[in-house]
Amino acid sequence: MKQVKFLHTADLHLDSPMVGLRHLPKAIFHRLQESTFKALKNITDAAIKHEVDFVVIAGDLYDGEDRSIRAQAVLRNEMKRLAEKGIKVFAIHGNHDHLGGNSIQFDFPENVYFFKDQLEIAAYRKNDGTLVHLYGFSYPKRHVTERWIEKYERRDGADFHIGLLHGHFEGASDHGKYAPFRLSELLDKGYHYWALGHIHKRILLSQEPHVVYPGNPQGRNRKEQGDKGAYIVSLTEAGSEITFFETADVIWEDMIIDGKNASSFNEVYESCLAAIDEKRRKGKGLLLSIRIDQLNSSLTEVKEKIDNGELLELLQDGEKEEESFVWVHRLAYTENISFDRASLIKQSDFYEELFNTIETYDDLNAALSQLYQHSQARRHLGELAENEKEQLVRDAENVLFQLLLKN
Ligand SMILES: [Mn+2]
């Protein structure tokens, strides 16, 4: 049976300057600055380990149109490592590393093919004769808003067809985005795989055939959260299989700690420490944002020590020297204000009326209907039991009073 195996990555953003993060400790900032290179090395290692036939890079190899010398030098070195193993590379340039920029151009080894600024078809032939057609183009300039998808066509004669596209997946109403496309337009081409880039989030748009945004291999800020990586793809005549693997050296994460039952500074501190230990991952750095939820509002001292940064400092203690660091870069809390019905009712008729309205509330089904009519949500929701419905109303009451009494 004919088959081909390749690695799909995109949005490496090599030598990304990590804007706005200089306040981090030097060692951690340095680690971040190196992280896009480390991710690239992890990608090359994986390509070699899995003995892929070729690597596909779907745009934004570099972070800026000036393509730093170092980024090009490191990329060339890694490409040479692949060349030594006989692994080819097919790459397109995206909006960040478009062809219109002024940059010193490095020569790359012969195993690497960069698509030009018009739609091209590249051919890859395996030793056993299996033939692959790869389709793609590089951004001639930064702002490419034309519908390039219309230029893609399938040229018959190959066993497998792979599309490379750096572009924006269109929702119902957006426009003016880079090289936009609709899923149906991709599927209509009759390719076996679509290697997408541009969105820095892992998204599987379709499974048959696979249409994939791998996301970027290294998060560059708090918005680019969680595990980051790339895909090993194996295409056979029977279908395709994809496997995700991690590449990021430093991971961004947000977490919420339940502060409802904490009654002292020590308890809050301990639960933060436990959370940090649970998150620690061998060999990787973690940049963690913690929110302590529903902290009892009477814990004045705890709130003070969060507000003035003392608790944060305690949590950061000793971390910047760790290889597997967990650096809490943000610590916040929400309060749980305790309220007493009887005294509130005494205060004003408004509260009495509000409590009565909540007590006699019987419109829960209507309130939840939007959720239950949502096609995705419905699949994961069961029928609510009576006590669950009551709990929902009590929770809603609590949220309402937290907001009312906050000020
Ligand atoms: Mn990008």
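One-based numbering, in listed order, for ligands and for the atoms of each.
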Nearest heavy-atom approach of F160 to K2 is CZ-O, 3.6 Å
To check you understand the geometry: which heavy-atom pair defines the closest contact between A71 and S68, and what is its length?
N-OG, 3.0 Å
Would you mind naming the N, O or S atom of [X] nearest to the Mn ion (ligand 1)?
X	value
H13	NE2
D60	OD2
D11	OD1

Looking at the Mn ion (ligand 1), is there an N, O or S atom belonging to H198 that lies under 2.8 Å away from it?
no
The Mn ion (ligand 1) contact by H200, N, O or S atom under 2.8 Å
yes
Using a 6.0 Å distance limit plus a 45 degree cone around the ring axis, check whether R31 lies over the aromatic ring of F325.
no
H8 pairs by ring pair (Phe, Tyr, Trp, His ring centres under 6.0 Å) with which of Y193, F244, W194, Y231?
Y193
From the list F90, W148, Y191, ring pair (Phe, Tyr, Trp, His ring centres under 6.0 Å) with Y135 holds only for Y191
